[in-house]
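See structure below.
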Amino acid sequence: ASNRVANWLRARGVKRGDRILLMLPNVVALWELTLAAIKLGAVVSPATTLLAADDLADRITRGQMRHVVADTSAAARFAGMPGDFTRTLVGGSAPGWTDYAEAASASADFFPDGPTLASDPLLLYFTSGTTAKPKMVLHTQASYPVGHLSTMYWLGLRPGDVHFNISSPGWGKHAWSSFYAPWNAGATIFIVNQARFDAKFTLDTIVRCGVTSLCAPPTVWRVLILEDLAKWPVKLNEVIGAGEPLNPEVIEKVRAAWG
């Protein structure tokens with residue numbers, strides 16, 4: 001599928017070094033497009049779906065974006081936005097946007113236009129802007145794919161694991177644990193795309209689908225322990241908290257319920 005997407009993007013003018021603003025929720029197209037960009041030597045700039053129009057305009061201008069990919073819920077935020085960039089819509093159609101579904105008809109045979117070096121750019125992130133305007137951080141082809149061998153070990157991932165990382169696209173943690181680290185390990189990336197977190201639904205899904213590794217921010221763990229965790233016969237080998245310190249009481253409740 002990513003071969004088809006890469007060929008389709010190339011036909012639409014995406015070239016080596018071009019920057020793509022990618023603003024999608026947890027949908028399959030996110031993985032297809034990221035892989036396609038790697039194959040093309042293009043640069044992906046992941047963006048959270050919560051960004052407002054002003055934030056997007058800033059990223060497009062300062063990041064010199066040549067292409068934008070978004071879903072139908074975000075299309076209106078780009079209305080009237082200045083800039084010479086292509087617009088691709090995932091999950092529907094809208095005036096001025098090209099439907100991503102067209103990519104499925106492209107050839108599945110992909111041939112790169114040349115070598116991609118480890119030092120070539122791959123990801124352009126913007127910092128959270130906690131203390132000032134968000135800053136651009138450019139990562140190489142080695143930085144995330146190879147650098148997150150460390151994340152693979154930190155998560156404890158092994159071949160055949162089913163890893164569920166609860167994170168929103170657009171943040172570095174999503175790329176670490178929902179993309180590079182599981183594939184480095186030969187593990188399965190497991191995703192639940194829910195607009196609003198539902199603890200019982202999430203726990204039911206973890207059991208039903210045989211998730212073996214779970215990584216979540218402390219805010220999620222604090223909601224999960226409000227349930228009687230012992231009622232869910234999970235098959236988890238590893239559980240991880242990330243993003244901020246996790247208070248010991250939460251850790252002890254999880255350990256008591258799941259061993």
Within the structure provided, determine whether [X] and [Y] are in side-chain contact (heavy-atom separation under 4.5 Å).
X: Pro182; Y: Asp161; result: no
X: Cys215; Y: Lys173; result: yes
X: Leu21; Y: Arg19; result: no
X: Ile251; Y: Trp221; result: no
X: Thr202; Y: Ile166; result: yes
X: Trp8; Y: Val14; result: no

[X] side chain to [Y] backbone, donor-acceptor under 3.5 Å:
X: Asn26; Y: Ile191; answer: no
X: Arg4; Y: Ala106; answer: yes
X: Arg87; Y: Phe78; answer: yes
X: Arg66; Y: Asp84; answer: yes
X: Thr140; Y: Ser143; answer: yes
X: Arg158; Y: Gly156; answer: yes
X: Thr98; Y: Thr88; answer: no
X: Arg77; Y: Leu51; answer: yes
X: Thr127; Y: Lys135; answer: yes
X: Asn3; Y: Ala108; answer: yes

Shared ILVMFWY cluster between [X] and [Y], side chains joined below 4.5 angstrom?
X: Ile38; Y: Leu138; answer: no
X: Leu33; Y: Leu56; answer: no
X: Met136; Y: Leu122; answer: no
X: Leu236; Y: Val250; answer: yes
X: Val43; Y: Leu24; answer: no

Checklist line | Derivation of the side-chain contact (heavy atoms from CB on, under 4.5 Å) call for Leu155 and Glu238 | finding: CA-CA 7 Å; Leu155 295 169; Glu238 300 278 355; over 6 Å; no
Gap separating the [atom1] atom of [X] from the [atom2] atom of [Y], nearest 0.5 angstrom:
X: Leu50; Y: Met23; atom1: CG; atom2: CE; value: 9.0 Å
X: Arg222; Y: Glu249; atom1: CZ; atom2: CD; value: 9.0 Å
X: Ile240; Y: Leu157; atom1: CD1; atom2: CG; value: 7.0 Å
X: Trp183; Y: Leu35; atom1: CH2; atom2: CG; value: 4.5 Å
X: Asp18; Y: Met65; atom1: CG; atom2: CE; value: 11.5 Å
X: Phe126; Y: Arg62; atom1: CZ; atom2: CZ; value: 5.0 Å

Item checked: side-chain contact (heavy atoms from CB on, under 4.5 Å) assessment of Asp113 paired with Arg10 -> CA-CA 10 Å; Asp113 63 4; Arg10 179 187 279 167; 4.3 Å; yes
If we count only N and O atoms by modelled type, under 3.5 Å, do the side chains of [X] and [Y] hold a donor and an acceptor together?
X: Arg16; Y: Thr116; answer: yes
X: Asp99; Y: Ser93; answer: no
X: Arg59; Y: Ser45; answer: no

Looking only at heavy atoms, what is the nearest atom pair of [X] and [Y], with distance?
X: Thr151; Y: Ala181; answer: CG2-CB, 3.8 Å
X: Val234; Y: Ile206; answer: CG1-CG2, 4.1 Å
X: Leu30; Y: Thr34; answer: O-OG1, 2.8 Å
X: Ala74; Y: Ala70; answer: CB-CB, 4.1 Å
X: Ala36; Y: Ala6; answer: CB-N, 3.6 Å
X: Ala242; Y: Pro218; answer: O-CD, 3.2 Å

Notebook entry, point to check: Yes or no on side-chain contact (heavy atoms from CB on, under 4.5 Å) for Thr219 and Val223, after CA distance, side-chain angles and deciding distance?
Noted result: CA-CA 7 Å; Thr219 49; Val223 173; 6.0 Å; no
Check: Would you call the rings of Trp31 and Phe179 parallel, tilted or perpendicular, where under 30° means parallel and over 60° means perpendicular?
Finding: parallel
Next item on the list: Decide ring pair (Phe, Tyr, Trp, His ring centres under 6.0 Å) for His163 and Trp176; before the verdict, give the C-alpha distance in whole Å, the side-chain angles of both, and the deciding distance to 0.1 Å.
Entry: CA-CA 12 Å; His163 180 62; Trp176 307 343; over 10 Å; no
Next item on the list: Any chance you could lay out the side-chain contact (heavy atoms from CB on, under 4.5 Å) test for Asp71 and Val27, step after step, and finish with the verdict?
Entry: CA-CA 10 Å; Asp71 71 347; Val27 292; over 6 Å; no
Does [X], at its [atom1] atom, have more than 12 non-hydrogen atoms belonging to other residues, nucleotides or ligands within less than 6.0 Å?
X: Asp228; atom1: CG; result: yes
X: Phe197; atom1: CZ; result: yes
X: Gln64; atom1: CD; result: no

Notebook entry, point to check: Can we say Asp58 and Lys133 salt-bridge, meaning some charged N sits less than 4.0 Å from an Asp/Glu carboxylate O?
Noted result: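 Between Lys133 and Asp58 there is a salt bridge, with a charged N closer than 4.0 Å to a carboxylate O.
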